[in-house]
Every structure is written in C-alpha cells, then in structure tokens.
Amino acid sequence: MTSDERPRQPGRVADALLARAAQLDRAMRDQGPAETYLFWEFDPPLLSEVGYRLIEFDREARRETGRGSDKAEDRPRPLRIGEAGFRVVDASPGSLDLLVQAIGATEQVLRSDPVQFVIQVIGAIQAVRAVRSWIGRRGKVEGTITAADCRKILADAGEQSVEWDDHGPKVTGSARVTIVRQYADGSYDLVTVEPGSAPPAGI
C-alpha cells in the first residue's frame, strides 16, 4: 500500500506512514518465526555511488539501532561496527544487487519491526517515495532464499494478479530495499520501500 502522506525531506517520516509500517510489522509477526533479509537493488550500479550508499545506509542503521526506545533523542551516535549493522549473504549474478542479513543488535530490531526500521533508516537519508507490501499471498522457495530468487520474485510480480497497492507492483527508482521474511516452510512475505526525493506525477 502506498501512503498518501509522504515526507518531503530527509529526517522526517510521516506519522501515517509509520502507522502503516507498524500494521505491516504486526501482520508479518503473526505469521510466526522467520529469517529476515534485506534485498537491496542499485540503479544505476555505479561503483562510487554504491559504496557511498552502503556506508550511509549501514551508518544510519547502526544509529537507528542505538536509538532503542528513546525516540526523543534526535541523532544518537551509531553503534560501533560489529555491534550492529549488516553482512552480505548473497549477490545476484551480473548485478550489484545484494541480499543482506542484520548482525548484533540490528538483528533483534529487524526481526521485530523490520518495516518501521527500514523506513526510519531510509527516511534519515532521503524521502520515502512508496511502500508496497505482499503479505499473506506467498509463494515458496526451497532452501535458503538467494539474491537471484529475490530478483525473479520481484520481476514476476508484474505478471501475477497481486495488487501491492492501487498502482500495481511495478517500482522504479534507485536503491529500493525489499524486506524478505522467509518462513520454515519456504514461504515468504515481501515489503518494498522505495526512496526518492518526491512522488512521481500521477501517484
């Protein structure tokens, strides 16, 4: 579902968007225990841009992890590297798209409230353009999900009769992040967060 109330500048996430994110987090928790991944797609895949984005995202993720329940503190110091953050578990062949898992304190946050967490991290860097979800109508992947699996799932979504929001599942833009929750039976839920400076015309 796409929020009609979007932040216009980094550091501000609309209350309506956070409320929707909380609903999505609850819906995924209700499905039971799962492995949680982030699938990060880079467009365009320029090495200089990718390196900067990775560092920036990891730093803000460690900062948001360190915030904890104290939401009053505006800019807490990021937790140290190794105490929190992410590790790469797979990359899609022929691309710079990455499948990552959280480590340390970030892992607990991502297992509990992944959508709220990712929205806050992206919102600290740039505006959140759209959030689209696919929960409860899951396919299955045998074994551990891979970056190639994620690419195929997202590419095939446009051919399926699944409405992620009123505008369909097609998402364009740079560095969108998809939260992937894979359950014990191989089924999965998806939530895609797309950053951008402003919503496109007509949305």
Side-chain angles (χ1 to χ4, degrees), residues 7 9-15 17-19 21-22 24-26 28-29 33-92 95-129 131 144-147 150 173-183 188-197:
Q9 61 187 25
R12 291 189 177 180
V13 178
D15 290 341
L17 186 57
L18 287 176
L24 294 173
D25 285 334
R26 284 194 298 271
M28 284 193 286
R29 286 197 302 271
E35 290 295 324
T36 304
Y37 304 88
L38 298 185
F39 181 57
W40 196 349
E41 299 168 271
F42 294 95
D43 178 29
L46 301 176
L47 285 177
S48 57
E49 183 179 0
V50 169
Y52 177 76
R53 286 178 183 270
L54 283 172
I55 292 169
E56 189 177 41
F57 187 88
D58 186 71
R59 182 191 66 238
E60 293 304 325
R62 288 184 288 111
R63 188 189 310 278
E64 185 63 26
T65 302
R67 186 188 307 276
S69 59
D70 183 12
K71 300 300 182 182
E73 189 175 358
D74 185 39
R75 297 281 290 174
R77 290 178 60 86
L79 294 181
R80 288 187 300 176
I81 294 173
E83 289 183 345
F86 296 94
R87 65 182 179 94
V88 177
V89 294
D90 196 25
S92 185
S95 77
L96 286 174
D97 299 340
L98 304 175
L99 187 68
V100 303
Q101 271 190 305
I103 61 172
T106 305
E107 181 181 9
Q108 298 303 315
V109 178
L110 202 65
R111 284 181 183 272
S112 177
D113 296 310
V115 185
Q116 294 172 82
F117 177 76
V118 170
I119 285 175
Q120 291 283 20
V121 172
I122 291 178
I125 301 168
Q126 60 190 120
V128 175
R129 176 183 177 274
V131 177
T144 302
I145 203 163
T146 66
C150 293
S174 61
R176 70 174 175 170
V177 177
T178 298
I179 300 160
V180 182
R181 298 265 287 191
Q182 187 180 26
Y183 302 91
Y188 51 83
D189 287 329
L190 307 172
V191 177
T192 293
V193 180
E194 182 184 358
S197 58

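Residues: numbered from 1 along the sequence shown.
Taken to the nearest 0.5 Å, the CD1 atom of I145 stands 13.0 Å off from the CZ atom of R181. Separation of atoms CD (E35) and CD (Q182) is listed at 8.0 Å; rounding is to 0.5 Å. In this structure, R176 CZ and T192 OG1 are separated by 5.5 Å, a value rounded to the nearest 0.5 Å. Expressed to the nearest 0.5 Å, how far CD1 of I81 lies from CZ of R59 amounts to 10.5 Å. Expressed to the nearest 0.5 Å, how far CD1 of I103 lies from CG of L110 amounts to 12.0 Å. Expressed to the nearest 0.5 Å, how far CZ of R26 lies from CD of Q116 amounts to 8.0 Å.
When side chains are defined from C-beta on, L99 counts as touching C150, because their heavy atoms get closer than 4.5 Å. Between M28 and Y183, some side-chain heavy-atom pair lies under the 4.5 Å cut-off. Between I125 and R53, the closest side-chain pair of non-hydrogen atoms is not below 4.5 Å.
Looking only at distances, a side-chain donor or acceptor of T106 sits under 3.5 Å from a matching main-chain atom of G85. For the pair R63 (side chain) and P76 (backbone), a donor-acceptor distance under 3.5 Å is present.
For A19, there are no side chain to side chain contact (heavy atoms under 4.5 Å, CB included) partners two or more places apart in sequence or in a different chain. Remark: Y52 pairs with E56 by the side chain to side chain contact (heavy atoms under 4.5 Å, CB included) rule, at least two apart or across chains. Every side chain to side chain contact (heavy atoms under 4.5 Å, CB included) that L54 has, sequence neighbours left out, goes to W40, F42, V50, L98. Partners of S92 under the side chain to side chain contact (heavy atoms under 4.5 Å, CB included) rule, at least two apart in sequence or in another chain, are S95, D97, A147, R151. In this structure R111 satisfies the side-chain hydrogen bond (donor to acceptor under 3.5 Å, both in side chains) test together with E107, sequence neighbours excluded. In this structure Q108 satisfies the side-chain hydrogen bond (donor to acceptor under 3.5 Å, both in side chains) test with no other residue, sequence neighbours excluded. Here D58 pairs with R62 under the salt bridge (charged side-chain N to carboxylate O under 4.0 Å, His left out) rule; sequence neighbours left out.
When every heavy atom of A21 is checked against every heavy atom of V115, the shortest pair comes out as CB-CG1, 3.6 Å. What you find for L79 and G66 is that their closest heavy atoms are CG-CA, 3.8 Å.
For the side-chain contact (heavy atoms from CB on, under 4.5 Å) criterion with V180, the lone passing option out of L38, L190, D189 is L190. In summary, of the residues considered (V177, I119, I122), a side-chain contact (heavy atoms from CB on, under 4.5 Å) with P195 occurs for I122 alone. In summary, of the residues considered (I179, T144, T146), a side-chain contact (heavy atoms from CB on, under 4.5 Å) with Y37 occurs for T144 alone.
Pairs of residues two or more places apart, or lying in two chains, that qualify as salt bridge (Lys or Arg N to Asp or Glu O under 4.0 Å) and include a residue from residues 112-123 are R29-D113.
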